[in-house]
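Just so we're clear, the structure is a prediction, and the values are computed from it rather than from any experiment.
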Amino acid sequence: MIETDNLTRLYGDIVAVAGISFRVEPGQVLGFLGPNGAGKSTTMKMLAGFLAPSAGSAKVCGHDVETEPLAAKRTLGYLPEGAPSYGEMSVREFLQFIVRMRRIDPEQRRRRLHEVIGRLQLERVLEQPIDTLSKGFKRRVGLAQAIVHDPKVLILDEPTDGLDPNQKHEVRGLINAMARERTIVISTHLLEEVHAVCNRVVIIAHGRLLADATPAELEARSRYHGAVSFSAVSSLAAREALERLPVVESVEVDPLDGRITVFPRQGRQILGDVQALLAAQGIRITEIQLERGRLDEVFRRITTGPAAEAAA
Amino acid sequence: MSAMFGVFRREFASYFATPVAYVFIVIFLLLSGALTFYMGDFYERGQADLQPFFQFQPWLYLFLVPAVAMRLWAEERKSGTIELLLTLPVTMTQAVLGKFLAAWAFVAIALALTFPIWLTANYLGQPDNGAILAGYLGSLLMAGAFLAIGSCLSATTRSQIVAFILTVTTCFLFLLAGFPLVLNFFRSFLPQALVDGIASLSFLAHFAAIAKGVLDLRDLLFFALVIGFWLYAGALLLDLKKAD
């Protein structure tokens, strides 16, 4: 469990994190979203015990990161931004260093090492110096050191940054597999990642917490939520008929591909009506879709909107 | 304790992971030998002792020890591993001490490998081996003091070159603290009492006594205090400047 209360961090006069309070329970995967420089990494550094908060407090599994730093650090696994590791060491030496520092029983060490090496598919590169590895492998080595002691709390700063799509898929699978009884916080720029692994999203900008919701709740805030979009052979006729429907608020046509998006009036379901009208008018459609809402649009609105400006 | 040993072990092994360690040891041994035998007139003096060997060590250390110390924290900063290291369950004291002791152990090995000079002295005559042992101890302590300065200054920067230059300069000041070169500078704006204080910080003065085989508790304590002070300052700086 992670708990922060009014967590604040200043760099000189610059406010990096301005009083963030939240709580993450076991079983939750919290996605930290925000523009660059929003304070995501600074917050994670404070949770991991690297930076001391300027004000406020953070607790990891009940241990305050300032007054009981060692107890807090023991319960968590942390992947710093960029997944730094000691380049001159081989993967095996590096992981052995970590298990020694984590004081895992000598009897369990072998088993734990074997497990993470298998899980992150590091067998092939075990004896190679980390400096010589590809970016994907370096990231996996970073993840391996974060989970080798089977921590209750995981803090991962951009865990899939720089990975190819297959590697991203693997890492997300790994996070999902570990999510059940653990408390996980990840930061990311990738909105698709939020869908893939997070069951809760926190959006921060200018060091302030601007939204805290499930991905579905955030999508529901999108103007695209409940909209129907389709591609038709002749779109002009369809457009006028659709605009006359009482449940329809507005109709937009994408100037590039001619795709039509129909927006519902507040809280109305329009898919049935739209389909019925298209059928009645004899308009042939090649494809139709009910939109869940677009996270990128919500993200942009929240991080550049009036609330964000007030925070800045 | 075991966390400190973990840091020590990793750091110590890292010296030997690259050719740097071997290059350092070879250069140290070559220079020690050359200075002792050619410039120190080891044979011509006709005395069986290691004075010619010890008298050049402060100057050898002045350039070589900062080269060992410069990577201690600057490299951790540059590669970002400082964040990894300090979020492991290890206290700042354990991390600073572990790294310092690793560097010190490395220098100790290089110093121990100068034993052929000692063998030579014993082959040629009957030196006072107790005095030689004291000389080695003093030499090791002085190296420790240089390393502690280097550890602290390495913690202030991401650049190993900057750390090296800062350390050489600071060590130079401490070496010559008892000499007019340094004292005249301070005399221009400090009261005499403080200037005397600075003079008593001279590494050379404290080392010279030990190198002659005179083990004075005050000299030992001096080096121990210097090491403690600089390591503590380094830990404070790291804590303050972690974010940079």
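Per-residue heavy-atom pair counts under 4.5 Å with chain B were compared for A:H149, A:M89, A:R74, and the maximum is reached by A:M89.
A donor and an acceptor atom, one from each side chain of B:Y136 and B:T114, are located under 3.5 Å apart. For the residue pair A:E193 / A:T160, a side-chain donor-acceptor distance below 3.5 Å is found, with atom types taken as modelled.
Residues passing the side-chain hydrogen bond (donor to acceptor under 3.5 Å, both in side chains) test with A:S41 are A:E81, A:D157, sequence neighbours excluded.
Interface residue A:F50: backbone and side-chain heavy atoms are both found under 4.5 Å from chain B. Only the side chain of A:I98 comes within contact range of chain B, with at least one heavy atom under 4.5 Å from a heavy atom of that chain. The contact between A:Y11 and chain B is made entirely by side chain atoms (from C-beta outward), counting heavy-atom distances below 4.5 Å. Contacts of A:E93 with chain B are absent, with no heavy-atom separation under 4.5 Å from either backbone or side chain.
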### Task
Apply ring pair (Phe, Tyr, Trp, His ring centres under 6.0 Å) to B:F223 and B:F203, showing your working.
CA-CA 8 Å; B:F223 282 118; B:F203 281 18; 5.7 Å; yes
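In summary, the aromatic rings of A:F22 and A:F32 are positioned with their centroids under 6.0 Å apart.
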